[in-house]
Each structure stands twice: as structure tokens, then as C-alpha cells.
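Encoded as C-alpha cells, the structure appears first; notes follow it.
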Amino acid sequence: MVTRTLLTLSRNPSWQKPLRSLISDIKTIKIQGAENIALAGLDGLALVVQKSKTEYADQLLAELYQAQQLLSNARPTEPALRNALHFVLSEAHREDMGILRKYILDRILLAKFHFHESAQKIAALGAQKIKDGMTIFTHCHSSSVMHILKLAKKEGKSFKVYNTEARPLFQGRITARELAKSKIPVTEFVDDAAELALRKADLFLFGADAITTDFIYNKIGTGLFAHVARHYRIPIYVCTDSWKFDPLTTQGREEIIEQRPASEIWKKAPRGVSIKNPAFETIEPQVITGIISELGIFPHDRFIARVEKAYSWMFD
Ligand code: RUB
């Protein structure tokens with residue numbers, strides 16, 4: 001059985017090409033932001049179910065596990081992606097092809113529904129923190145933060161946003177473009193001017209790629225800006241779906257920080273110059289005011305307790 005499965009996998013090109021193209025979009029940041037990456041991962045599994053040519057449930061499952069591994073390795077600091085894939089596959093049974101296909105597609109829909117519903121809850125909680133006349137500081141591009149800002153605008157609140165470029169890939173421009181389109185006043189600063197921007201800000205909202213037992217992880221720069229915000233006594237909220245929690249860190253695993261190619265910083269750097277290009281950095285839980293998630297607004301330790309209670313499947 002195992003031999004047949006392996007042979008089929010190595011010769012099965014039907015989903016491998018589109019899946020590799022999806023993974024390439026994730027790696028090259030065409031698909032960016034933890035939640036979008038997790039949603040793309042779910043699309044990747046759907047693609048396997050739809051394109052696989054196998055007639056055997058155990059082979060389909062083996063193909064799905066292979067896709068899970070390929071997708072999980074696309075970007076290392078993305079527990080929401082790993083959790084979403086685990087949610088779909090962890091209790092899949094291999095007896096009957098029709099049942100298996102339906103089960104997987106149903107779980108994918110359920111996972112997508114989770115993200116959709118959570119985004120609305122996070123937006124409602126986060127928008128409560130925004131008051132008329134405020135200046136909100138944000139960094140990079142977080143869909144959770146965008147939902148909050150757009151809802152606050154929809155509620156008729158008058159505020160402005162200061163955001164930073166997020167070099168070297170300028171995801172800050174996605175934020176600025178989206179805000180301008182939504183008619184929310186926005187001023188973009190170079191990353192190095194964050195202190196100037198924060199001095200005038202009333203609230204710092206940012207997203208998360210990962211939350212572990214020790215830290216919050218977000219776009220490089222966030223940790224530094226959080227220290228500056230704290231210095232000016234500006235409330236700091238992490239806005240995030242709780243599936244960003246990495247359950248393996250409760251067993252001692254350390255979150256890996258993705259290191260991006262040097263060429264993103266300097267294409268033809270002179271010999272002798274080494275370049276460091278970490279995608280993310282840690283933010284100490286004691287620096288932040290709270291984590292806004294679909295479970296409520298909590299400090300880091302209580303957030304973890306709530307995740308453990310709400311999503312026991314994550315820890316299987
Ligand atoms: C994006 C980034 C975002 C988080 C949260 O980094 O750091 O703040 O992923 O985003 P990159 P969301 O552009 O390298 O993926 O709230 O959309 O999950």
C-alpha cells in the first residue's frame with residue numbers, strides 16, 4: 001500500500017504544478033499577511049481534492065498530507081497556516097473516497113468561515129478603541145488592522161492613520177493604498193521616521209504572524225516601534241485571529257524567524273558586505289496593552305489560556 005502511494009505521488013503532476021505556483025506566490029509575497037496565507041493554504045488543499053486523479057481514499061489522503069507539508073514549509077513563521085491545514089486534516093478518515101472528499105471540502109469551508117467570522121469580531125472589538133480625532137499608527141499590512149480601521153470609518157468616526165513603508169518590500173504601501181481608497185486620511189512615513197509619527201499618535205495597532213508562549217511575532221520593526229510607543233505611553237494592541245498561536249511552543253518548540261533573501265535589500269552588494277533580512281521580530285508581551293482576537297481582549301497569558309480552552313484540536 002505504501003509503495004503504491006509513493007509511486008502515485010511521485011508521478012502525479014495534476015495538482016503539483018498549480019500547488020507549486022500557489023506556494024511560489026506565498027514565498028514571493030504576492031500573497032502576503034498571515035491570514036491571507038492561511039486562506040491560500042486552504043485553497044491549496046481544495047486544489048488537491050479537485051485535481052487528484054486517484055480513485056483511492058488512502059492515496060488521496062497521502063497526497064493531501066504531502067500538500068500539507070509543502071504548504072507548511074512555504075513560510076516558516078506562519079502558525080495560522082499550519083493550524084488551518086491541521087484543522088482540515090487531523091481527523092480525516094480514509095475508508096471511503098466520496099466521504100473523504102466531502103469531509104475535506106466541508107472542513108475547508110468551516111476553516112474559512114472561522115477566519116471570516118473572527119475578522120468581523122476583531123473589527124468590532126478593535127473599532128471600539130478608536131475615538132474621534134485620534135491618530136492611529138500601524139506598520140506593514142495587516143488585514144485584521146484594516147478591518148478595524150474600515151469598520152471605525154463606517155461607524156462614522158473621524159480619525160487619521162500614520163503608517164510606515166515596511167522596507168524592503170513596502171507592504172506599507174498596500175495599507176496606504178487601501179486606506180486612501182476607503183477615504184481614510186493616511187500619511188506614510190519612511191520606517192526610520194516612526195518615532196516622529198508615534199510622538200503624534202494616540203494608538204498603535206498591528207497584526208501578528210505568530211503568538212507563542214513567550215512572544216508575539218510581527219513584521220520586522222514592530223518590536224522597536226512598540227518600545228517607542230510604550231515610551232510615549234501610547235496604548236498598543238495586537239489585532240489577530242487566535243489561530244496565529246503556535247501550539248508547539250507549549251512543548252518547547254522555538255518559533256523560527258523567516259530570513260528573506262539578501263537580494264531584497266541589495267541586489268548586487270559588494271563582496272565583503274553581508275546582509276541580514278529577517279522578515280519578522282519578537283515583541284515582548286509586557287510591552288503591549290492587549291491582544292484583540294475573536295476570543296476577546298486579553299493580556300498575553302490569558303489569551304493563551306483562552307486559546308487552549310476554545311481550540312483543543314490545535315494541541316492534538
Ligand atoms: C505581514 C505582516 C502582518 C501579519 C498580520 O508580513 O507582518 O502584519 O502577517 O497580517 P508579510 P494579517 O507581508 O511578510 O506577510 O492580519 O493579515 O493576518
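Given the structure is predicted, the values throughout are model-derived calculations rather than measurements. Numbers here simply count residues along the sequence, with the first being 1.
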Task: Full working for side-chain contact (heavy atoms from CB on, under 4.5 Å) between L60 and L64 - done: CA-CA 6 Å; L60 177 61; L64 284 162; 4.1 Å; yes
Open item on the list: Contact between L22 and I31 at the side-chain level, heavy atoms closer than 4.5 Å - yes or no?
Closed with: yes
Open item on the list: Tell me whether the rings of W243 and H114 are parallel (<30°), tilted (30 to 60°) or perpendicular (>60°).
Closed with: parallel
TODO: Verify the neighbour count for atom CD of E195: are there more than 12 heavy atoms of other residues, nucleotides or ligands below 6.0 Å?
DONE: yes
Task: From CD1 (I288) to CZ (F303), nearest 0.5 Å - done: 9.5 Å
Open item on the list: Determine whether a donor-acceptor pair (N or O, by modelled atom type, separation under 3.5 Å) exists between the side chain of S182 and the backbone of E178.
Closed with: yes
TODO: Indicate yes or no: at least one non-hydrogen side-chain atom of D96 is less than 4.5 angstrom from one of Y103.
DONE: no
- [ ] Hey, could you give me the CD1/CD1 distance between I265 and I275, rounded to the nearest 0.5 Å?
- [x] 6.5 Å
Open item on the list: For the NZ atom of K153 and the NZ atom of K183, what is their distance to the nearest 0.5 Å?
Closed with: 8.5 Å
TODO: Applying side-chain contact (heavy atoms from CB on, under 4.5 Å), run through K276 and Q259 and close with a yes or a no.
DONE: CA-CA 8 Å; K276 200 144 175 57; Q259 301 297 319; 3.5 Å; yes
Open item on the list: I'd like to know if the side chain of K157 and the backbone of A127 have a donor-acceptor N/O pair within less than 3.5 Å.
Closed with: yes
Task: Non-hydrogen atoms of R260 and A279 that approach each other most closely - done: CG-CB, 3.8 Å
TODO: Please list all pairs passing the side chain to side chain donor-acceptor pair (under 3.5 Å) test where one or both residues lie in residues 298-316, with sequence neighbours left out.
DONE: E294-Y311
Task: Closest approach of K27 to A74 (non-hydrogen atoms, all atoms of both residues) - done: CG-O, 3.5 Å
Task: Closest non-hydrogen atom pair, S14 against S52 - done: OG-CA, 4.0 Å
Task: Within-4.5 Å side-chain heavy-atom neighbours: R20 and L70 - done: yes
Open item on the list: Would the distance check show the side chain of E281 and the main-chain N or O of G223 forming a donor-acceptor pair, the cut-off being under 3.5 Å?
Closed with: yes
TODO: Give the C-alpha distance, both sets of side-chain angles, the deciding distance and a yes or no for side-chain contact (heavy atoms from CB on, under 4.5 Å) between I234 and T289.
DONE: CA-CA 9 Å; I234 297 163; T289 314; over 6 Å; no
Open item on the list: Looking at D191 and A166, would you say the former's side chain and the latter's main chain have a donor-acceptor pair under 3.5 Å?
Closed with: yes
Open item on the list: Test of understanding: with salt bridge (Lys or Arg N to Asp or Glu O under 4.0 Å), list the residues that count as partners of R82, not counting sequence neighbours.
Closed with: D246, E255
Task: Given H141, Q171, K219, the one that forms side chain to side chain donor-acceptor pair (under 3.5 Å) with Q32 - done: H141
TODO: Mind listing the closest non-hydrogen atom pair of L85 and S72 along with its distance?
DONE: CD1-OG, 3.6 Å
Open item on the list: Contact between H86 and M314 at the side-chain level, heavy atoms closer than 4.5 Å - yes or no?
Closed with: no
- [ ] Answer with yes or no whether the hydrophobic clustering places L39 together with F113; edges join I, L, V, M, F, W, Y residues whose side-chain heavy atoms lie under 4.5 Å apart.
- [x] no
Task: From D209 atom CG to C140 atom SG, the distance as rounded to the nearest 0.5 Å - done: 7.5 Å
TODO: Each residue besides L205 in its hydrophobic cluster should be listed here, by chain and number; the cluster joins Ile, Leu, Val, Met, Phe, Trp and Tyr at side-chain heavy-atom distances under 4.5 Å.
DONE: I122, L125, I130, M134, I136, V145, M146, I148, L149, F159, V161, L179, I184, V186, L203, Y237, I292, I297
Open item on the list: Name the residue from F206, F280, F225 that meets the ring-ring contact (aromatic ring centres under 6.0 Å, His included) definition with H139.
Closed with: F225
Open item on the list: Is it the case that the side chain of T77 and the backbone of I256 share a donor-acceptor pair, with hydrogens and angles ignored and the cut-off at 3.5 Å?
Closed with: yes
TODO: Measure from the side-chain N and O atoms of R230 to the backbone N and O of I236, and report whether any donor-acceptor pair falls under 3.5 Å.
DONE: no
Task: Flag, side chain of S118 to backbone of F115, donor-acceptor distance under 3.5 Å - done: no
Task: Exam field: side chain N218 to backbone I283, donor-acceptor pair closer than 3.5 Å - done: no
Open item on the list: Applying a strict under-4.5 Å side-chain criterion to I, L, V, M, F, W and Y, I'd like to know whether I211 and L295 cluster together.
Closed with: yes
TODO: Spell out, yes or no, whether I108 and I26 are grouped together once hydrophobic residues are joined by side-chain heavy atoms under 4.5 Å, including indirect joins.
DONE: yes
Task: Exercise: identify the closest heavy-atom pair between S144 and C239 - done: CB-O, 3.4 Å
- [ ] Answer yes when E91 and R107 have at least one side-chain N-carboxylate O distance shorter than 4.0 Å, and no when they do not.
- [x] no
Open item on the list: Within this structure, what is the CG-CD distance for the pair L105 and Q50, rounded to the nearest 0.5 Å?
Closed with: 6.5 Å
Task: Other residues, nucleotides, ligands: >12 heavy atoms within 6.0 Å of K112 NZ - done: yes
TODO: Under the side-chain contact (heavy atoms from CB on, under 4.5 Å) rule, what do T249 and D214 come out as? Steps first, then yes or no, please.
DONE: CA-CA 8 Å; T249 60; D214 296 325; over 6 Å; no
TODO: Indicate yes or no for a side-chain donor-acceptor contact from T164 to the backbone of F189 under 3.5 Å, with no hydrogens or angles considered.
DONE: no
Open item on the list: Using the rule that Ile, Leu, Val, Met, Phe, Trp and Tyr join whenever any side-chain heavy atoms are under 4.5 Å apart, tell me whether L110 and L81 fall into a single cluster.
Closed with: yes
Task: Matching residue for Y162 among T135, L196, L198 - test: side chain to side chain contact (heavy atoms under 4.5 Å, CB included) - done: T135
- [ ] Can you see which heavy atom on L100 is nearest to which on A57, and at what distance?
- [x] CD2-O, 3.3 Å
Task: Test: K129 and D202 ion pair at under 4.0 Å - done: no
Task: Nearest-0.5 Å distance, CG of residue L71 to CD1 of residue I37 - done: 11.0 Å
Open item on the list: Quick check on E55: does its CD atom have over 12 non-hydrogen neighbours (other residues, nucleotides or ligands) under 6.0 Å away?
Closed with: no
TODO: Give the cluster check for I216 versus F298: same hydrophobic cluster or not, with ILVMFWY residues linked at side-chain heavy-atom distances below 4.5 Å.
DONE: yes
